[in-house]
Amino acid sequence: MTANMNSEAPIIEFDKVNKWYGQFHVLRDIQLTVPKGERIVICGPSGSGKSTLIRCINRLEEHQSGRLVVNGTELTDDVKAVDAVRREVGMVFQQFNLFPHLTVLENLTLAPMWVGKMPKKEAEEKAMQQLTRVRIAEQAGKYPLQLSGGQQQRVAIARALCLTPKIMLFDEPTSALDPEMINEVLEVMVDLAKQGITMLCVTHEMGFARQAADRVIFMDQGQIVEENTPVDFFNHPKSDRAKDFLSKILSH
Amino acid sequence: MSTTGTIYAPIASREPPRAAQGAVAWVRRNLFDGWANSLATLVTVAVLLWLVPPLFGWSVLNAVARPDNAACRALQETGACWGVIAEKGRLILFGRYPFEEQWRPLLACAALIALLIASCLRPFWKPWLAALWVVVLALCFMLMRGGVAGLTLVETSRWGGFPLTLALSVVSLVVAFPLAILVALGRNSNLPAIRAVCVLYVELIRGVPLISVLFMASFMFPLFMPQGTSIDVLVRVLVGMTLFAAAYLAEVVRGGLQALPKGQVEAAQSLGLTYWQTQRKIVLPQALRLVVPAIVNSFISTFKDTSLVTIVSLYDLTGALQLALGDADWRKFFLEGQLFVAAVYFVFCFALSRYSRWVEAYLNTGMRRQ
């Protein structure tokens with residue numbers, strides 16, 4: 001518990017983390033240390049375990065062996081520990097996962113009011129600040145399904161930011177978007193990256209990785225195969241699997 | 001740049017083509033659009049011509065509205081004897097409840113119906129509505145049963161007719177609905193013990209007819225109780241009906257839970273909401289609105305199932321009808337009595353189904369792209 005007192009300590013630490021879905025070994029001896037403020041892009045072929053990896057960080061998935069410490073708290077079956085971690089970790093999903101029965105503003109104020117015990121007025125002010133930050137304040141009274149995909153994903157980012165998390169997780173945030181909407185979401189993410197928040201982002205957007213990431217992690221078949229700076233990874237991949245993967249996503 | 005490209009001029013938006021107007025066009029389009037449609041129209045008209053005049057003659061032209069037994073008998077079944085309702089109406093509506101005290105069930109029903117209507121309206125959806133329900137139900141019970149405030153005691157076994165039907169359905173549904181939600185959530189629980197109990201409950205109750213449940217509730221239940229304690233038959237039947245209705249409703253609710261995308265729960269979890277906060281704020285509001293038609297279907301079916309309590313000697317609306325037409329003079333006019341009772345059921349069921357349409361529309365705000 002003293003770890004989070006020390007600013008030099010890593011904010012996320014995977015130590016030999018393993019996970020299986022039935023017989024399928026989806027995470028294999030994951031060893032990953034993330035210092036505070038680092039921005040990491042995780043890429044790799046479909047089924048390589050990259051989504052599972054970041055979903056372990058807020059325990060949407062449970063790991064079965066190894067140690068995973070987030071913000072000084074080890075993730076175990078202890079519900080209190082899980083709640084404590086989730087309060088510090090925001091997440092953005094591929095399918096947005098906004099609550100369709102609530103307005104945009106209500107989507108944002110829900111967690112601050114119920115989890116953060118914030119008074120309604122304060123929560124609304126804070127929500128409007130976040131909506132302004134993602135440049136969508138004028139849509140506060142609408143319902144999510146009335147917005148375009150890009151707008152919905154920006155609302156989802158604002159929602160995750162409302163609890164002022166220390167860590168932001170992005171699970172393929174632009175994969176479900178129409179091509180002309182990808183940039184408006186990436187711009188918001190680049191802004192966020194500049195503000196020093198710890199970010200782990202599963203994405204194949206190389207432009208974003210080059211512009212905003214400190215490190216690229218390449219995964220295949222449940223293990224971390226290669227890691228490097230974005231420029232070196234994309235220009236000079238070392239492993240054959242990374243070369244093969246990059247040749248596939250770059251061929252068109 | 002290529003030199004082979006082609007540019008097209010922009011096309012302005014235009015009005016859609018207008019359909020032909022007027023009565024003739026409407027008739028042609030809707031009633032005589034092709035030979036199959038025309039045939040269906042002609043057959044329907046023929047059936048109506050065959051059925052409506054005799055029905056109208058029987059129920060209106062030749063009918064006797066006065067409670068005049070001789071005149072009714074003189075009809076020889078050529079006309080309806082609505083007089084039976086004028087004569088026996090109070091007995092049908094209130095069963096064996098003492099005649100001079102029938103203002104009490106009337107008042108209780110009025111209060112309950114007023115509360116039902118209020119509960120249907122948006123401005124009354126406040127936390128105090130639940131408390132009001134408890135108070136009104138308690139007051140109605142005291143008014144009906146008496147024994148306090150100078151009212152004579154009327155045992156629940158003498159309650160009957162419409163007040164009994166209303167009380168049975170309202171109380172069993174009000175208790176069954178929250179129970180059903182808990183059971184449905186329990187069936188989806190991660191804890192095997194809770195899941196097993198809920199599955200067992202639903203499968204056991206669904207596997208037996210309501211008549212068996214009512215029999216067990218009213219005759220077997222007392223066998224397990226210590227000697228000398230007796231639970232009111234009305235309470236036993238209420239417990240039986242509630243458990244029965246809750247089992248069906250639980251499956252309806254579970255259908256709604258199943259239909260909700262997994263991402264909704266994940267988003268709520270990632271925001272740090274607890275299990276109960278997630279259920280209350282995210283899962284149930286969405287799951288329940290998906291199954292409003294099925295919930296109303298269950299409500300209607302429970303409302304009509306109350307007629308089965310006759311088998312354990314409680315005289316609901318249909319049971320009271322049998323009692324009321326027990327005397328030889330009026331027994332012949334059973335059909336008219338049945339039509340009257342059917343009309344009472346229909347009014348309530350139809351109102352409920354219209355209301356459910358409104359609820360669906362209301363809850364769908366924002367759920368569809370506009």
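Because the structure is predicted, anything quoted here is derived from the model rather than measured. Just so it is clear: chains get the letters A, B, ... in the order the sequence lines come, proteins before strands, and each one is counted from 1.
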| query | Is it true that atom CG of B/N190 has more than 12 heavy atoms of other residues, nucleotides or ligands lying nearer than 6.0 Å? | reply | no

| task | For B/R195, look at atom CZ and say whether over 12 heavy atoms of other residues, nucleotides or ligands are found less than 6.0 Å away. | result | yes

| task | Among A/L60, A/N58, A/V82, single out the residue with the greatest number of heavy-atom pairs under 4.5 Å to chain B. | result | A/L60

| If you draw a 6.0 Å radius around CZ in B/R29, do more than 12 non-hydrogen atoms from other residues or ligands fall strictly inside? | yes

| task | To the nearest 0.5 angstrom, please state how far the OG atom of B/S270 sits from the CG atom of A/L163. | result | 9.5 Å

| Just how far is it from atom CZ of A/R87 to atom CG of B/L271, taken to the nearest 0.5 Å? | 12.0 Å

| task | Under the side-chain contact (heavy atoms from CB on, under 4.5 Å) rule, what do B/T274 and A/V79 come out as? Steps first, then yes or no, please. | result | CA-CA 9 Å; B/T274 64; A/V79 179; over 6 Å; no

| task | For residues A/R86 and B/G272, report the shortest heavy-atom separation together with the two atoms involved. | result | CB-CA, 4.0 Å

| said: Heavy-atom cut-off 4.5 Å, strictly under: side chain, backbone, both or neither for A/L98 against chain B? | reply: backbone

| side chain to side chain donor-acceptor pair (under 3.5 Å) partners for A/E88, two or more places apart | none

| task | Measure distances from A/R55 to the heavy atoms of chain B and classify the residue's part below 4.5 Å as side chain, backbone, both or neither. | result | side chain

| said: Using every non-hydrogen atom in the two residues, find where B/P285 and A/H101 come nearest and quote the distance to one decimal. | reply: CB-CD2, 3.6 Å

| Hey, are the side chains of A/V115 and B/Q277 touching, using non-hydrogen atoms and a 4.5 Å cut-off? | yes

| remark: d(B/I282 CD1, A/N107 CG) to nearest 0.5 Å is 7.5 Å

| Minimum side-chain heavy-atom gap A/W114-B/T278 below 4.5 Å | no

| said: For A/F93, which atoms come within 4.5 Å of any heavy atom of chain B: side chain, backbone, both, or neither? | reply: side chain

| note | Here the gap from B/K281 atom NZ to A/L102 atom CG, rounded to the nearest 0.5 Å, amounts to 8.0 Å

| task | Select one option (side chain, backbone, both, neither) describing which atoms of B/Q269 are under 4.5 Å from chain A's heavy atoms. | result | both

| Partners meeting side chain to side chain contact (heavy atoms under 4.5 Å, CB included) with A/Y21 (sequence neighbours left out) | A/K19, A/F24, A/V26, A/T52, A/E61

